[in-house]
Amino acid sequence: MADLENEVEVPHFFLCPISLEIMKDPVTLSTGITYDRVNIENWLFSRKNNVCPVTKQVVVDIEPTPNHTLRRLIQSWCTLNASSGVERFPTPRPPISKTEIIKLLKDLNSPNHQMKSLTRLKSIVLESEKNKRLMESVGAADYLSTIISTVNSEITSSSRDEALHILYHIKLPPTGLKTLGKTEGFVDALTRIMQRPSSYEARAYAVMLLKSMFEVAKPMQVTSLNVNFFMQLVNILVDQISVKATKATLKLLISVCPWGRNRTKAVEAGVVRVLIDALLDCSEKRVTELISMVLVQVCQAADGRVELLKHRGGLAVVSGMVFGVSPVVSERAVRILYSVAMFLGSGRVLQEMIELGVVEKLVLALQVDCGRKMKEKAREILKVHSRVWKKFHCVNYDLI
């Protein structure tokens, strides 16, 4: 088409200001500027801009108005210039509108139409970024969260799963996620979904949505979690639903475990044992980094340190993390060892540290180029237990 445009004079107002090509589906923004639909939707939704490319004004209505008059003019011009090789563009299919989405959302209240509406909404949300923003703008999250949270015989597990699938793919912004977190019973509803062993996909979406919610949640919401919540997270790690679900679960634990009471609940749910077992078979660097961060947090709790030592491979696995995966993991492993050595540094534990080569690695940390905090932790551990370890001639105390 570019060569044809050089041969045939194209009216300038037929050209999209973004692509500078003839528009196939011209639409006009609230700013009064007309663009080809595919280009302006890519600008607004995929690139997440909120201003008009030409005027730089904020776009207040994300649903552009089809410019039918201009489209017909372009199609007529193409027909008149067919002899020059210009092809007439077909009339585009009407896009999804807010009105159609609102009707589908209202149909969710009818048991007879619920599943059909959910199926249609699912296809809409997966079609484009623009549809996601349209669904967000008409309050779809409220309708969907109600279906997920409501406990009655008229709403099936399949309906809840579909509603969750749609809600996750809307990709709500922080404000929408905060509102979800405040919705009464919603976290409990997602916890119930995680509890269903047969529904792997729904469990994955539940934990991924929870991860996004708690990344922006207020402390009051985070500290009100119960032990069952943590038990379901542990079960997802055990079941290894998917790498994506595992990473989301670990990130969720990182978000909620800075609070002491949550660390205690996580330990009570068995997270330490499961994480150590996971590290024994883990080959992915990013997953190991996430696990190491969760262990740092839970080992700040007394029960967490005890559980680490109860595991037959606990200290060995942590020792293997030092200089074994990445600088980030090494630093976190030393922090875990610091928690254990400072609070549970009994003779048996200190002996095991020598046998596992932990002491040698702590000395090495003082000699090699690693982080300042890692060196400080290593030096402090060696100083505190110097009386025990110097008997084994494994430490050059001129380095301390």
Side-chain angles (χ1 to χ4, degrees), residues 24-27 35-48 59 61-66 68 71 89-150 154-173 176-177 179-180 183 186 189-190 193 196 198-213 241-242 244-245 248:
K24 300 178 182 178
D25 187 7
V27 293
Y35 302 89
D36 203 3
R37 183 184 292 280
V38 66
N39 295 322
I40 194 58
E41 288 186 355
N42 180 59
W43 168 269
L44 292 173
F45 306 117
S46 298
R47 298 188 184 181
K48 301 187 186 302
V59 178
D61 187 353
I62 63 170
E63 190 171 24
T65 303
H68 297 300
R71 175 180 55 76
F89 299 122
T91 301
R93 179 172 61 89
I96 301 299
S97 66
K98 285 184 179 180
T99 303
E100 183 179 350
I101 293 174
I102 291 171
K103 183 183 183 306
L104 289 167
L105 291 171
K106 288 181 176 179
D107 284 346
L108 295 178
N109 296 320
S110 168
N112 294 331
H113 297 94
Q114 192 174 88
M115 200 61 197
K116 184 178 179 181
S117 296
L118 285 168
T119 302
R120 177 63 180 136
L121 287 167
K122 182 177 177 180
S123 68
I124 290 172
V125 78
L126 295 175
E127 189 174 283
S128 69
E129 286 296 319
K130 176 216 168 187
N131 290 352
K132 291 177 171 62
R133 300 289 67 82
L134 281 179
M135 291 184 72
E136 176 198 342
S137 68
V138 298
D142 292 337
Y143 288 89
L144 297 167
S145 62
T146 298
I147 287 179
I148 295 167
S149 302
T150 302
E154 292 184 345
I155 300 178
T156 65
S157 295
S158 297
S159 292
R160 291 192 186 91
D161 291 353
E162 287 290 272
L164 175 57
H165 189 130
I166 298 163
L167 184 56
Y168 171 77
H169 280 98
I170 291 176
K171 302 292 183 184
L172 292 170
L177 292 168
T179 301
L180 270 185
T183 303
F186 189 65
L190 293 181
I193 290 174
R196 296 192 347 241
S198 60
S199 184
Y200 274 23
E201 185 179 48
R203 291 170 71 196
Y205 282 127
V207 75
M208 289 189 290
L209 182 56
L210 284 165
K211 186 267 296 184
S212 299
M213 289 166 55
I241 295 173
S242 67
K244 196 171 182 180

Measure across D107 and H113 and return the closest heavy-atom pair with its distance rounded to 0.1 Å. O-CB, 3.8 Å
Measuring only between side-chain heavy atoms, which start at C-beta, is S145 closer than 4.5 Å to L180? yes
Got a second to check how far E162's CD is from T119's OG1, nearest 0.5 Å? 5.5 Å
Under the criterion side-chain contact (heavy atoms from CB on, under 4.5 Å), I'd like the reasoning laid out for T91 against R71: C-alpha separation, chi angles, the key distance, then a yes or no. CA-CA 8 Å; T91 301; R71 175 180 55 76; 3.5 Å; yes
If you compare all heavy atoms of P64 against all heavy atoms of I62, which two are closest, and at what distance to 0.1 Å? CD-O, 3.1 Å
Note, I124 side chain near L134 side chain (heavy atom, < 4.5 Å): no
Over all heavy atoms of both residues, which pair between I170 and A140 is shortest? Give the atoms and the distance, please. CD1-CB, 4.0 Å
Could you pull out the closest heavy-atom pair between A202 and R196, with the gap in Å? CB-NH2, 4.4 Å
Non-hydrogen atoms of R160 and T150 that approach each other most closely: NH2-O, 2.8 Å
Contact between R37 and P95 at the side-chain level, heavy atoms closer than 4.5 Å - yes or no? yes
Is a salt bridge present between E136 and R133, judged by a nitrogen-to-oxygen distance below 4.0 Å? yes
Do V27 and T65 come within less than 4.5 Å of each other through their side chains, counting heavy atoms only? no
Apply side chain to side chain contact (heavy atoms under 4.5 Å, CB included) to T179 and list each qualifying residue two or more places apart in sequence or on a separate chain. none
Run the numbers on T156 and D161 for side-chain contact (heavy atoms from CB on, under 4.5 Å), then give the verdict. CA-CA 9 Å; T156 65; D161 291 353; over 6 Å; no
Once rounded to the nearest 0.5 Å, what's the spacing between atom CG of L104 and atom NZ of K122? 15.0 Å
Describe, in one word, how the ring planes of Y205 and H169 are oriented to each other, choosing from parallel (under 30°), tilted (30 to 60°) and perpendicular (over 60°). perpendicular
Taking the side chain as every heavy atom from C-beta outward, state whether Q114 and I155 have any atom pair closer than 4.5 Å. yes
Heavy-atom check, side chain of D25 versus side chain of V38, under 4.5 Å: no
Side-chain touch L209/F186, heavy atoms, less than 4.5 angstrom: yes
What are the two closest heavy atoms between P26 and D36, and how far apart are they? N-OD1, 4.2 Å
Output yes when E129 and K171 qualify as a salt bridge under the 4.0 Å nitrogen-oxygen rule, no when they do not. no
Check: E63 side chain, K98 main-chain N or O, donor-acceptor pair, under 3.5 Å: yes
Look at atom NZ of K244 and say whether more than 12 heavy atoms of other residues, nucleotides or ligands are closer to it than 6.0 Å. no
Looking at OG of S117 and CG of N112, how far apart are the two atoms once the value is rounded to the nearest 0.5 Å? 10.5 Å
Could you go through the side-chain contact (heavy atoms from CB on, under 4.5 Å) check for L118 and I166 one step at a time? CA-CA 8 Å; L118 285 168; I166 298 163; 3.9 Å; yes
Atom pair CG/NZ of L108 and K103 - distance to nearest 0.5 Å: 10.5 Å
In Å and rounded to the nearest 0.5 Å, what is the OH to OG distance from Y168 to S212? 6.5 Å
Run L164 and L190 through side-chain contact (heavy atoms from CB on, under 4.5 Å) and show every step you take. CA-CA 9 Å; L164 175 57; L190 293 181; 3.8 Å; yes
Between CG on residue N131 and CD1 on residue I101, distance to nearest 0.5 Å: 6.0 Å
Is any side-chain heavy atom of I96 less than 4.5 Å from a side-chain heavy atom of R120? yes
